[in-house]
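Scroll down for the structure; my scribbles are underneath it.
Chain naming here is simple, since letters A, B, ... match the order of the sequence lines and numbering starts at 1 in each.
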Amino acid sequence: MKRFNSYKNYLKLYCVAFLLFQLIRAFNGLLISQLGQPFIHIPRVDPLIWTLIASGIPDLIVQSSFLSLALDVIVVLPVLIILLKNNKAPQWTRPLIGLHILIFSFYLLIIFSFPTLSIRKYLGLVIVPFVFLAGSDKRYFKNLELLRYYVLFIFSSSAIWKISRGALFDSEQFYNIMRAQHFDHIINFASHISSQVGLFFIEHPGLAQFFYWQVTLIQLSFIIGAFTKKYDHFLLAGFLLFIVGDFLVMRIEYWEFFIFIPIFFLTVKSNHSGV
Amino acid sequence: MSFIKKRWYFFVIAFYGVLHLIKLECFPFYLFAMYSQAAPFNTQFISYEVRIDGEACDLSLLNYRQRIYLNNTLEAYDAIKSHPEQVLPDSKIIMKYYKFIGLSTMASHMESKYRYVELEALMTDWMIRFFKIQNGEVSIIRKSFNWQKDNYPIEVSSELILP
């Protein structure tokens, strides 16, 4: 069986996943043309977004039905072409990937300048295509290694933040987080499973803090991956547990992070050709 | 030049490290520090009610992601309406940034972005587009709740913020 993190297979997986998530975004009514021409910006703490807002480009795009619809269509075109034509014209793959990264990054920055969903969930879809810019097998696998370190960093740094800021040692930290996170859910979505889980933790603050410690421990365990790939399958289990748990406990959806799964299978070096 | 080409990741890591130190983000370099900031015990919470032609909308029927988008917009509108001198609560750091890089004009442009617009009219128009209604009177009510320990949230006051 061919490895699913080989260049061709991972690229195909990425393209299908990207189109699927874009389709889900359309069903959720969150394409640029579906935002209802918003006028309020949320600048967050990103100078790139501040500059973009000050330039007036996001307003120009969302206020024009034609431009916003055009951008919604253009963003999927390079990926669609790669998926359909990659076998017939592989020489176009890298330029198309480059084009896709540029258009999709611009697309996300436009959307993110308005008060929509968090950009972090889409980060996997922005970062992963960089590995496909490789011109050789050797380079591709080196890129995959770097991507793996990046994912390890995401999780372990999150644990280090919690420890260094002392959040882990405040006995009511997670209890207070759950109250803030679930207040609106309890009022408006009382029957949803995550509201029920949230309410359970609010009623049991000791268990809530114990859970917070466990999550931090899982995140911290990703540091092991920096020294060995021997435990990558356990890290993958922790990764999946975290994403599903994030939905059940916090109602935060990081499904797009599933695109990182192939990087947990880098244990055996392969000399296949595919780039 | 070849050193930069060969060791490009060293510069990327250094840049990312600096962003961590100054707690700033720059696409696509984000800090994954969620829920690490001290979360103080809070008893005051706010929720918004939307009324169309005087009738309250059941927001639980909305697609959840649309609900987040709506809620974020309502919060931002409420913040701007309460503090029109600010772009948004993050405005201080934004102004500092523009002044630091010598673009004070851009800073004042951002600062006055919502000061001279008809905020309520713009918000009404957006709500009409968001809820896909042809016409009708839209109003937003800010509801304040008190949520004590070992209890459920209790509504203590409400205020009309649109129109």
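Here the closest non-hydrogen pair linking B:Arg129 and A:Gly36 is NE-O, 2.7 Å. Nearest heavy atoms, B:Pro28 versus A:Tyr150: O-OH, 4.1 Å. Taking every heavy atom of both residues into account, A:Asp46 and B:Cys26 meet most closely at OD1-CA, 3.4 Å.
Neither the backbone nor the side chain of A:Ile160 has a heavy atom closer than 4.5 Å to any heavy atom of chain B. Neither the backbone nor the side chain of B:Lys132 comes within contact range of chain A; no heavy atom of the residue lies under 4.5 Å from a heavy atom of that chain. For chain B, no part of A:Ser164 is nearby; none of its heavy atoms comes within less than 4.5 Å. Using a 4.5 Å cut-off between heavy atoms, B:Phe131 makes no contact with chain A at all. The part of B:Pro153 that comes within reach of chain A is its side chain, from C-beta onward, which places non-hydrogen atoms under 4.5 angstrom from that chain. In this structure, chain B has a heavy atom under 4.5 Å from the side chain of A:Leu199, while its backbone stays farther away. There is no contact between B:Phe29 and chain A, counting heavy-atom distances below 4.5 Å. With a 4.5 angstrom heavy-atom cutoff, A:Asp59 touches chain B only via side-chain atoms. The parts of B:Met123 that come within reach of chain A are both its backbone and its side chain, each placing non-hydrogen atoms under 4.5 angstrom from that chain.
Here the side chains of B:Tyr30 and A:Ile154 are not in contact, with every heavy-atom distance at 4.5 Å or above. Contact check for A:Ile40 versus B:Ile80: side-chain heavy atoms found under the 4.5 Å cut-off. The closest side-chain heavy-atom distance from B:Phe27 to A:Leu52 is not below 4.5 Å. Counting heavy atoms from C-beta outward, A:Ile202 and B:Trp147 have side chains that approach closer than 4.5 Å.
Per-residue heavy-atom pair counts under 4.5 Å with chain B were compared for A:Ile119, A:Leu168, A:Leu108, and the maximum is reached by A:Ile119. Between chain A and the options B:Tyr16, B:Phe45, B:Tyr48, heavy-atom pairs under 4.5 Å are most frequent for B:Phe45. In terms of non-hydrogen atom pairs under 4.5 Å with chain A, the most contact-rich of B:Leu31, B:Asn71, B:Asp58 is B:Leu31. Ranked by non-hydrogen atom pairs under 4.5 Å with chain B, the options A:Glu203, A:Gln219, A:Arg25, A:Glu253 are led by A:Glu253. Of the listed residues (B:Leu59, B:Leu19, B:Ile46), the one with the most heavy-atom contacts under 4.5 Å to chain A is B:Ile46. When A:Ser157, A:Ala167, A:Pro47, A:Ser105 are compared by the number of non-hydrogen pairs under 4.5 Å with chain B, A:Pro47 comes out ahead. Ranked by heavy-atom pairs under 4.5 Å with chain B, the list A:Phe114, A:Phe155, A:Tyr212 is led by A:Tyr212.
Each of B:Thr73, B:Leu119, B:Asp125 was evaluated against A:Phe39; a single residue qualifies, B:Leu119, per the side chain to side chain contact (heavy atoms under 4.5 Å, CB included) test.
Heavy-atom neighbours of chain A within the stretch residues 62-70 of chain B, taken at a separation under 4.5 angstrom, comprise B:Leu62, B:Asn63, B:Tyr64, B:Arg65, B:Gln66, B:Arg67, B:Ile68, B:Tyr69. Listed by sequence position, A:Glu172, A:Gln173, A:Tyr175, A:Asn176, A:Ile177, A:Arg179, A:Ala180, A:Gln181, A:Phe183, A:Asp184, A:His185 are the residues of residues 171-185 of chain A in contact with chain B, using a 4.5 angstrom heavy-atom cutoff.
Residue-environment remark: CD (A:Gln196) exceeds the threshold of 12 foreign heavy atoms within 6.0 Å. Within a 6.0 Å radius of OH in B:Tyr152, no more than 12 heavy atoms belonging to other residues, nucleotides or ligands are found. Around the CG atom of A:Leu207, the shell of radius 6.0 Å holds more than 12 heavy atoms that belong to other residues, nucleotides or ligands. Crowding of B:Gln44 atom CD: a count of heavy atoms from other residues, nucleotides or ligands under 6.0 Å exceeding 12. Enclosure of atom CZ in A:Phe169 by more than 12 non-hydrogen atoms of other residues, nucleotides or ligands within 6.0 angstrom is indicated. Few gaps surround CD on B:Glu155; more than 12 heavy atoms of other groups in view lie less than 6.0 Å from it.
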Begin from the C-alpha positions of A:Leu123 and B:Phe32 and carry the test side chain to side chain contact (heavy atoms under 4.5 Å, CB included) through to its verdict. CA-CA 11 Å; A:Leu123 215 52; B:Phe32 288 87; 3.6 Å; yes

Determine, stepwise, if the pair A:Met250 / B:Tyr35 fulfils side chain to side chain contact (heavy atoms under 4.5 Å, CB included). CA-CA 11 Å; A:Met250 308 299 283; B:Tyr35 306 113; 3.5 Å; yes

